[in-house]
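We count ligands from 1, going down the list as the structure has it; atoms in each ligand are counted the same way. This one's a predicted model, so the numbers in the text were calculated from it and none came from an experiment.
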Amino acid sequence: MPLGKELFLYAEILSSFRGKAVLITGGMGFIGSNLARTLLANGANVTLLDSLIPQYGGNLFNIADIRSQVELNVCDVRDPFAMEFFLKGKDHLFNLAGQTSHIDSMIDPKTDLEINATAQLSILESCRKFNPSIKVVFASTRQIYGKPDYLPVDEQHPLRPVDVNGINKLAGEWFHLLYNNVYGLRACALRLTNTYGPCMRVRDARQTFLGIWVRLLLEGKPITVFGDGLQLRDFNYVDDCVSAMLLAGASDLANGKVYNLGSEEVISLNALAELLVSEVPGGNYEHIAFPKDRKAIDIGDYYGDFSLINKDLGWRPKIGLREGLKRTLQYYSANRQHYWS
Ligand SMILES: NC(=O)c1ccc[n+]([C@@H]2O[C@H](COP(=O)([O-])OP(=O)(O)OC[C@H]3O[C@@H](n4cnc5c(N)ncnc54)[C@H](O)[C@@H]3O)[C@@H](O)[C@H]2O)c1
């Protein structure tokens, strides 16, 4: 499709959120806060809900510039009564709250289960009972595929999670599909790939290894690449992830579907490290042995086939890796005091 027409259609999609009541769980986190900003800019009435549990990605600074324009609630998706209250009267739910660390899910599997699976079920029960016309988009993950049998991975690929987090996210995703299929609740899921950009957690590697890479680089320390660094990955800049969520949130064609996100720019971790260090004078990287706990749940090469969402909703990523990394480094150079500790 010509770019002009594509931009026109996307602008129309964005305008469909004007005046709509939107709830974002995990709204003070990385993707949720970026999504909130775009929705506000397009006239939506936005409510953010986030537990702000310190080990997770929520950060008040993520929403400092929009704080006065949103309704803000520090509460936990594991509280069914609070969820019931906040879901009533909403037109849209972007359901992003989650425990995101794969390693933490192995150390404390029950917490991961409670947040990523049990709470998802009770959110959907509240929707069914109190707001059955709400439109729901769930943030799922490519992690649920496990080690790929073939590349690029499409939505038909077997699901064989390699860690507790993957299993619980899979359950969370399927609860959404089930409530769509059985109760007619309009729900869909996006299987996100590695997403990066402003507002991601860089304190540690809990959310993404790219976060800690950015931090190390800006501290003048070498990036550490695990193993031989030949693993292939795809990445989405956060704005592209947000546009996929909005397209899915605006379309009834998405109901009951799962969509991969992804990128045509497939890159090895070595090449990614090269790209990142080339943006910072004096930047360098080194290889270290794969930590045992990470190796045990590593999925090897992964990149996704996103042709289904492209065909159904017209989505494709627009921000190239070099440009996205540049913007990310600029953001953290300017705001490091809000993210380092
Ligand atoms: N960033 C990625 O690369 C990526 C990849 C695949 C899937 N996802 C999914 O996208 C969603 C958003 O991820 P993100 O990258 O923005 O991470 P994030 O950690 O920044 O956002 C998640 C938010 O959920 C909040 N949260 C966690 N537990 C909660 C609870 N019990 N109650 C209320 N809020 C709670 C956290 O405080 C955080 O602000 C997650 O569900 C994640 O699994 C992200």
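Considering only non-hydrogen atoms, atom 27 (C) of ligand 1 lies nearest to Gly98 out of Ala139, Gly98, Ala97, Ser101.
For the pair Ser51 and ligand 1, the shortest N or O to N or O distance falls below 3.5 Å. Taking only nitrogen or oxygen atoms, main chain and side chain alike, Gly32 does not reach within less than 3.5 Å of ligand 1. Considering backbone and side-chain N/O of Asp50, one or more are found under 3.5 Å from N/O of ligand 1. When only interatomic distances are considered, the shortest N/O to N/O separation between Ile31 and ligand 1 falls below 3.5 Å. Ligand 1 has no nitrogen or oxygen under 3.5 angstrom from a nitrogen or oxygen of Ile115. Between Ile53 and ligand 1, a contact under 3.5 Å exists for no N or O pair.
Looking from atom 43 (O) of ligand 1 to the surrounding protein, the closest heavy atom is Lys169 NZ, 2.9 Å. Closest to atom 5 (C) of ligand 1 among all protein heavy atoms lies Thr193 O, 3.6 Å.
Under a cutoff of 6.0 Å and an axis angle of 45°, Arg142 and Tyr302 form a cation-pi pair.
A side-chain donor-acceptor contact under 3.5 Å links Asp252 and Asn255. Of the N and O atoms on the side chains of Tyr150 and Asp154, at least one donor lies less than 3.5 Å from an acceptor on the other residue.
The side chain to side chain contact (heavy atoms under 4.5 Å, CB included) search around Val225 returns Trp213, Ile223, Leu269, Asn270, Ala273, Tyr285, His287, not counting sequence neighbours.
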